[in-house]
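A short write-up of the structure that comes next.
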Protein chains: 2
Amino acid sequence: MPETLTGRDDEARAEQVYQLVLEGIVAGRYEQGVRLRERELSELYNVSRIPVREAIQRLEQDGFVETFPRRGAVVRQLTLADVNELFDVRLCLETFAARMAAVRVAAGEPGGRLQELLDDTRQAIDDGRTDDVVRLSAAFHAEIVRLSGNRLLIESVKPLFGRMRWIFGLAHNRSNELQRDEHMELCNAILGGKADLAYTLAYSHIELGREPVLKGLAETLEP
Amino acid sequence: MPETLTGRDDEARAEQVYQLVLEGIVAGRYEQGVRLRERELSELYNVSRIPVREAIQRLEQDGFVETFPRRGAVVRQLTLADVNELFDVRLCLETFAARMAAVRVAAGEPGGRLQELLDDTRQAIDDGRTDDVVRLSAAFHAEIVRLSGNRLLIESVKPLFGRMRWIFGLAHNRSNELQRDEHMELCNAILGGKADLAYTLAYSHIELGREPVLKGLAETLEP
DNA sequence: ACTCTATTTTTGGTATACAAAAAGTCCGGA
DNA sequence: TCCGGACTTTTTGTATACCAAAAATAGAGT
């Protein structure tokens with residue numbers, strides 16, 4: 001097992017445990033429905049139960065596990081309804097973020113790393129680095145939210161992005177090329193300060209992602 | 001001090017500590033900027049540090065305290081920017097909830113306790129029970145979100161409502177009468193299945209609440 | 001008054017213990 | 001064989017005691 005708290009352990013233990021377990025869940029090493037026992041994890045990662053509890057608590061907030069009183073934590077079972085709900089909430093928040101980002105850019109705020117992320121994605125696609133494409137794509141969405149300037153929005157969206165990452169691990173997505181094109185259009189709208197256009201483009205871009213993910217997940221769920 | 005874990009303490013200690021501290025913050029007993037020391041709280045409430053830590057962690061997620069590594073938790077300082085951000089995110093999520101609630105009612109789902117809450121508010125206003133009016137008003141908003149049927153949305157909105165309660169404790173609101181009229185219109189739109197109208201009414205109702213709260217808070221912040 | 005140092009507090013973490021609730025196991029009877 | 005209840009084991013939630021290291025505070029010297 002490659003997952004031990006190696007090297008400098010002067011970092012926050014709870015944070016490390018959180019990351020490791022999260023990685024395990026997203027990568028599918030912890031299958032859905034599996035119980036996460038405190039002692040088990042604390043022995044596996046060589047920490048006491050306290051950081052483990054803290055990590056589990058955070059995993060629960062972020063929607064990866066479900067806990068039951070006196071029964072502990074279980075890796076959540078993702079349903080199609082969950083995915084639909086996730087896309088609906090993303091539509092609410094990310095379209096607003098796109099509009100606000102455009103408004104702020106129009107008002108003179110810097111455009112952040114938007115263009116840069118887009119260029120990097122281009123490179124990653126050309127090089128066939130699929131993992132990087134996914135990561136950069138997610139970073140693009142996160143950057144838009146960051147550009148909205150609304151800290152509460154950023155905070156509210158964070159758990160949604162975590163879930164997206166998880167879902168993408170289970171259900172593959174549509175063409176990276178198509179997505180990048182949409183990102184480019186959206187990027188131009190935001191950097192051009194065109195708020196309504198940014199809103200519309202963000203809406204259709206997110207909505208276009210729904211069906212493929214639902215289909216992909218449906219296959220994984222019922223083989 | 002009336003705040004000790006009295007009676008049957010067979011309930012979750014962490015939950016009780018959370019509630020008690022939260023109550024203290026909302027009621028203004030813990031002023032903004034005050035440090036929340038683990039030992040202090042554990043002695044005050046007669047529990048060990050573990051439930052206290054868990055409670056503080058949850059208070060942080062819900063936006064009531066801020067924690068700094070090795071320095072612990074501090075009651076957050078609410079700024080006007082925070083209030084604006086909160087209203088913006090509420091506009092995103094609650095208007096969507098109102099629309100969805102109307103759609104679902106139109107599709108035959110039950111209308112929940114919406115009408116009932118409205119009637120109770122009427123009574124509370126007539127009786128001059130101001131606290132109940134505020135509580136019922138908040139419950140009305142929560143009920144709309146619940147009727148949206150989106151569990152992720154419900155979850156995402158919960159911390160926002162907690163913050164609203166806090167803010168209303170600091171800055172008083174506009175006329176209960178006016179608000180109730182708006183609630184009534186919104187209720188009718190939802191129960192009538194008029195999705196677009198529900199959306200519009202929810203939007204203006206929330207937006208109308210912004211200025212008074214900002215003004216009220218500005219006075220409290222700078223006396 | 002102001003800065004630098006020494007002392008005390010406080011956090012984040014470990015280890016251990018224990019009651020009570022779940023979960024798991026076993027056994028006898030239909 | 002299958003079922004249901006009694007018994008045993010696990011696991012959580014919490015308490016207590018303790019520690020290193022960082023932060024806050026007090027103190028001393030200029």
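Not measured: the values here are computed from a predicted model. When reading the values below, keep in mind they use all heavy atoms of this one structure, side chains included, and skip hydrogens, waters and symmetry mates. Throughout, protein chains are lettered first and strands after them, A, B, ... in sequence-line order, and every chain is numbered starting at 1.
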Send over the distance from A:E43 CD to D:dT10 P, rounded to a whole Å. 12 Å

Sugar-phosphate, base or nothing in reach of B:I56, heavy atoms under 4.0 Å: nothing

Can the positive tip of A:R99 be found less than 6.0 Å from the middle of the six-membered ring of A:F96, inside 45° of the ring normal? no

CD of A:E54 versus C1' of C:dG12: gap in Å, rounded? 9 Å

If you draw the axis of the six-membered ring of A:F87, does the NZ or CZ of A:R90 fall within 45° of it and under 6.0 Å from the ring centre? yes

Salt bridge (Lys or Arg N to Asp or Glu O under 4.0 Å) for A:R210 and A:E207? Distances and angles first, verdict last. CA-CA 5 Å; A:R210 188 197 300 252; A:E207 191 55 63; 2.8 Å; yes

We want to know whether A:E15 and A:Q19 form a side-chain donor-acceptor pair, criterion being a heavy-atom distance below 3.5 angstrom. yes

Interatomic distance, A:E38 CD vs D:dT14 P [rounded to whole Å]: 11 Å

Quickly work out the B:R39 CZ to C:dT9 C1' distance and round it to whole Å. 8 Å

Mark up nucleotides 18-25 of chain C, 5' to 3', with B wherever a protein heavy atom is under 4.0 angstrom from a base atom, S wherever such an atom reaches only the sugar-phosphate, and - elsewhere. ---SSS--

Atom pair distance, as rounded to whole Å: CZ in A:R13 and C1' in C:dT11: 14 Å

What is the distance, to the nearest angstrom, from the CD1 atom on A:I50 to the P atom on D:dG13? 13 Å

Just the rounded figure in Å: distance from P of C:dG12 to CZ of A:R53. 16 Å

Sole residue of B:E54, B:E38, B:E40 in salt bridge (charged side-chain N to carboxylate O under 4.0 Å, His left out) with B:R49: B:E38

Counting C-beta onward and ignoring hydrogens, is there a side-chain heavy-atom pair between A:L160 and A:L86 closer than 4.5 Å? yes

Using atom CD of B:Q57 as one end and atom P of D:dG13 as the other, report the distance to the nearest whole Å. 13 Å

